[in-house]
Amino acid sequence: MPDVKMVNLTIDGLPLTVPDGTLVVEAAKLLGIEIPVFCYHHKLEPVGACRMCLVEIAPGPPVAQAGCIRPVAEGMVVRTQSAMAVQARADVLEFELVNHPLDCPVCDKGGECPLQDFTFRHGYPTSRIDGPRLHFKKPIPLSDNIALDRERCVLCYRCTRYYDEVAWEQELTVAERGVHSIITSQFDRPLTSNFSGNIIDLCPVGALTSRVWRFESRPWDMHHTASICSKCAVGCNVTMWERRGQLVRITSRENDDIDDGWICDRGRFDYTDVNDPARLRVPTIWGAKATWAEAMSTLADGIKGKGSKLGISLPQDLTNEEGFLFRQLLDGPLRDAKVKMHGRTALPAPSGDQLMIKDIDEARVIIVVASDTENDVPIVNLRVKKAVSKRGAKLIVVHPDGVDLDRNQHTVHIRNQPGQAAAEVRKLADHELLREPGGPVAILYGDGRGSEDAAELVAACSELAGKVGAKLMPLYRGTNERGSVEIGVAGWDSLDEVEALLSWGPPPTAGVPAKVGFHAVWDHLSRPEHKDAAVVLPATTFAERQGSYTNLEGRVQFLRPPVVAELPLKESWEVLSELAAALGLELDYAGIFPIQRDIASKFPGLAALAQPPSAELEPARVLVGPARP
């Protein structure tokens, strides 16, 4: 790696040495000095649009300059508190507030609004503007999930730039000119992007808000918990916000190694079922309320001794801990049962030198095979786009249909016949893009959602990787499929001929097989497919669950529940332990941590479970203790 040139400067009299190319606003952060910004965001290209970051810089002209677009220079002297800089920022704020509505008490951004904070810290104490304010129709529904309040917009253009630079979707634009400029959707069409919710986090004011969370609460009356998204195999880091026992908001929690600060709309908005008034809360037997002991006894009697006639449908977000306990059942009283996991790909565990998500950033050529990444692994999709946009990576896609990555006009899209992806991959060794010297090559492969021979495709990708010196990444779809593969419970057996069925989570995609005479359900919602179930057990959701997921690159991350699983609900490790006891197998665990230590000792790929959780994950909110009655 080449040596990085370092630059010496002073900011407000404090000396500082930073890498050449560092922007003044970022350099100031290292000293704990606030230079207020609206348009600047560290994940977007700087544009200097709002002028909120004005500072005095010497040597240079005697005018306030935008610190968000000015890189540092040797010997530079920056003054953020000079009379010129202070007045310039106050003047900018005064203009920003000319038409801004005085609706902080009802604005969803209240309490976490930079405009609100900067007005107190950098603005004039009173306004000199007494003219009428501009008014707009409000709110404007940009989609089912997002509302736009144009009166609050400060035209920082973060939202439009995000769509252009990060999502490649251009769903938002600026209409009109000058003081009449407004943010609007293209041709007034609803936003359809799978990544649209990120503009809510990016918006520095209350112009873009969540319609799912709107008017629900305020930052100071919520508890927030650091956790992991449960909607796909990427393992994005999120913050879950709880108020009065309900999950009221999910926001991104930046982890540059994985999600780069973004989450998809599934992860952001798909949580309302946690608060559903119709949540299953008590066990039932043939529709009648029952105790846990009665339900367990009936369930055990219904599935005991069924052997290969027993089918088990597993959820894709099975935790490592649940999978480990379940594996012990499969090795014991439930041996020979047929198991099928929701969302399961046919991809085996990877071997050899594997690509990590952050490595995509440095790739010279990226090859995506048999996967529509926008739907399969959304944030990996954004990572690929980042490598193409920021570093000029070349992109090759092998897929029979048009995909989201085709938005780049330079994408080389090889449209294979379904089932022929492996053959096309083997031809790529002689492709001109792979013959050019330069940097690393990344091969990301899925299973074509079952349309490809997975073993043949993996073999072809491995052969290509060996020839061109590439690293491989399997694009699992199931949330914890990688961990479940490691533990050995991620099955894809056919359930068509089973006579007894345990549906853990949603019912099987193909429905309940016709031959099933005994059907048991373990779910958090009542569904039409449950109407003939003999036993229904209430389940916890991702917001109430302790445990861990292993993401598609093999990284183990911990779940932290923001919502307490209130009695008579039981956590999954308790239910599995009680089911094992009813089937004659003793699982002697008194909490989640002993289970994690046992997993770590038996599965090298999950050794990270033996490490204590980071303090930033708020371990004090984790519920541990003996099994409840």
Side-chain angles (χ1 to χ4, degrees), residues 23 25 34-55 64-69 85-129 131-140 142 146-166 171-185 191 196-210 214 219:
L23 297 173
V25 291
E34 178 184 74
I35 298 178
V37 296
F38 288 133
C39 71
Y40 176 76
H41 189 276
H42 63 290
K43 294 296 182 181
L44 303 175
E45 291 297 317
V47 294
C50 71
R51 320 308 286 183
M52 190 63 237
C53 60
L54 294 174
V55 295
Q65 301 182 52
C68 77
I69 57 175
V86 170
Q87 181 178 343
R89 291 197 298 267
D91 288 344
V92 169
L93 269 173
E94 190 169 33
F95 281 116
E96 294 286 11
L97 294 169
V98 165
N99 292 303
H100 200 85
L102 303 177
D103 61 354
C104 294
V106 298
C107 176
D108 273 332
K109 199 74 170 184
E112 52 187 11
C113 174
L115 176 60
Q116 204 174 53
D117 296 338
F118 294 161
T119 299
F120 281 106
R121 292 201 290 266
H122 302 279
Y124 291 124
T126 59
S127 174
R128 297 176 294 176
I129 306 298
R133 297 172 183 266
L134 288 177
H135 293 284
F136 298 92
K137 176 184 176 183
K138 56 185 290 186
I140 297 168
L142 292 180
I146 301 174
L148 168 63
D149 192 323
R150 286 183 176 139
E151 291 184 344
R152 300 173 186 163
C153 180
V154 295
L155 290 175
C156 68
Y157 309 120
R158 283 189 186 181
C159 55
T160 58
R161 289 152 54 210
Y162 162 80
Y163 265 109
D164 291 343
E165 298 174 21
V166 179
E171 288 194 326
L172 285 181
T173 188
V174 182
E176 307 300 337
R177 293 290 185 270
V179 296
H180 301 291
S181 296
I182 56 172
I183 301 296
T184 186
S185 61
L191 306 182
S196 64
N198 289 311
I199 63 178
I200 298 173
D201 287 347
L202 283 172
C203 184
V205 290
L208 293 165
T209 53
S210 167
R214 196 172 172 85

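What you see is a predicted model, and the numbers here were worked out from it, not measured in a lab. Count residues from 1 along the sequence.
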Would you say that [X] contacts [Y] through its side chain, given a criterion of any heavy-atom pair below 4.5 Å between the two side chains?
{"X": "Phe118", "Y": "Glu34", "result": "yes"}
{"X": "Met52", "Y": "Cys39", "result": "no"}
{"X": "Leu134", "Y": "Arg150", "result": "no"}
{"X": "Glu112", "Y": "Asp117", "result": "no"}

Inset, instruction - Give a yes or no on whether the backbone of Pro101 and the side-chain of Glu151 come within a donor-acceptor separation of less than 3.5 Å. - result: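 Checking the backbone N and O of Pro101 against the side chain of Glu151, no donor-acceptor pair under 3.5 Å is found.
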Legend entry - Backbone of Gly206 reached by a side-chain donor or acceptor of Thr209 within 3.5 Å: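 Such a contact is absent between Thr209 side chain and Gly206 backbone.
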If you compare all heavy atoms of [X] against all heavy atoms of [Y], which two are closest, and at what distance to 0.1 Å?
{"X": "Glu94", "Y": "Ser127", "result": "OE2-C, 4.4 Å"}
{"X": "Cys156", "Y": "Pro204", "result": "SG-CD, 3.6 Å"}
{"X": "Gly111", "Y": "Pro219", "result": "C-CG, 4.2 Å"}
{"X": "Asn99", "Y": "Pro132", "result": "OD1-O, 4.2 Å"}
{"X": "Glu45", "Y": "Glu165", "result": "N-OE1, 2.9 Å"}
{"X": "Arg158", "Y": "Phe38", "result": "NE-O, 2.6 Å"}

Legend entry - Contacts of type salt bridge (charged side-chain N to carboxylate O under 4.0 Å, His left out), residue Asp108, not counting sequence neighbours: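 Testing Asp108 for salt bridge (charged side-chain N to carboxylate O under 4.0 Å, His left out), a comparison that skips the adjacent residues, returns Arg218.
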Inset, instruction - Go through the structure and list residues passing salt bridge (charged side-chain N to carboxylate O under 4.0 Å, His left out) with Lys109, not counting sequence neighbours. - result: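 Per chain and number, Lys109 pairs via salt bridge (charged side-chain N to carboxylate O under 4.0 Å, His left out) with no residue.
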Quick check for you: to the nearest 0.5 Å, what is the distance between [X] atom [atom1] and [Y] atom [atom2]?
{"X": "His122", "Y": "Leu93", "atom1": "NE2", "atom2": "CG", "value": "8.0 Å"}
{"X": "Cys153", "Y": "Phe136", "atom1": "SG", "atom2": "CZ", "value": "8.5 Å"}
{"X": "Ile182", "Y": "Glu176", "atom1": "CD1", "atom2": "CD", "value": "6.0 Å"}
{"X": "Ile69", "Y": "Cys53", "atom1": "CD1", "atom2": "SG", "value": "7.0 Å"}
{"X": "Ile183", "Y": "Leu172", "atom1": "CD1", "atom2": "CG", "value": "7.0 Å"}
{"X": "Arg51", "Y": "Cys68", "atom1": "CZ", "atom2": "SG", "value": "7.0 Å"}

Inset, instruction - May I have the step-by-step check of side-chain contact (heavy atoms from CB on, under 4.5 Å) for Leu191 and Ile199, ending in yes or no? - result: CA-CA 11 Å; Leu191 306 182; Ile199 63 178; 4.2 Å; yes
Inset, instruction - State whether the number of non-hydrogen atoms from other residues, nucleotides or ligands found under 6.0 Å of Tyr124 atom OH is greater than 12. - result: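 More than 12 within 6.0 Å, yes.
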Legend entry - Identified side chain to side chain contact (heavy atoms under 4.5 Å, CB included) counterpart of Val92 within the set Val154, Leu97, Leu54: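 The single option meeting the side chain to side chain contact (heavy atoms under 4.5 Å, CB included) with Val92 is Leu54.
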Inset, instruction - Can you spot which of Leu202, Leu148, Val174, Leu208 makes a side chain to side chain contact (heavy atoms under 4.5 Å, CB included) with Cys159? - result: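 Exactly one option meets the side chain to side chain contact (heavy atoms under 4.5 Å, CB included) with Cys159, and it is Leu208.
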Inset, instruction - Take His42 and Val25 through the test side-chain contact (heavy atoms from CB on, under 4.5 Å) and record every step on the way to the result. - result: CA-CA 10 Å; His42 63 290; Val25 291; over 6 Å; no
Inset, instruction - Mind jotting down which residue pairs meet the salt bridge (Lys or Arg N to Asp or Glu O under 4.0 Å) criterion with at least one end in residues 97-107? Sequence neighbours excluded, please. - result: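 Counting only pairs at least two positions apart or across chains, the salt bridge (Lys or Arg N to Asp or Glu O under 4.0 Å) contacts touching residues 97-107 are Asp103-Lys138, Asp103-Arg152.
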Inset, instruction - Assess whether side-chain contact (heavy atoms from CB on, under 4.5 Å) is satisfied between Cys104 and Leu102, documenting all intermediate values. - result: CA-CA 6 Å; Cys104 294; Leu102 303 177; over 6 Å; no
Legend entry - Lys/Arg cation over aromatic Tyr163: Arg161, 6.0 Å, 45° cone: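 Judged by the rule, Arg161 and Tyr163 form no cation-pi pair.
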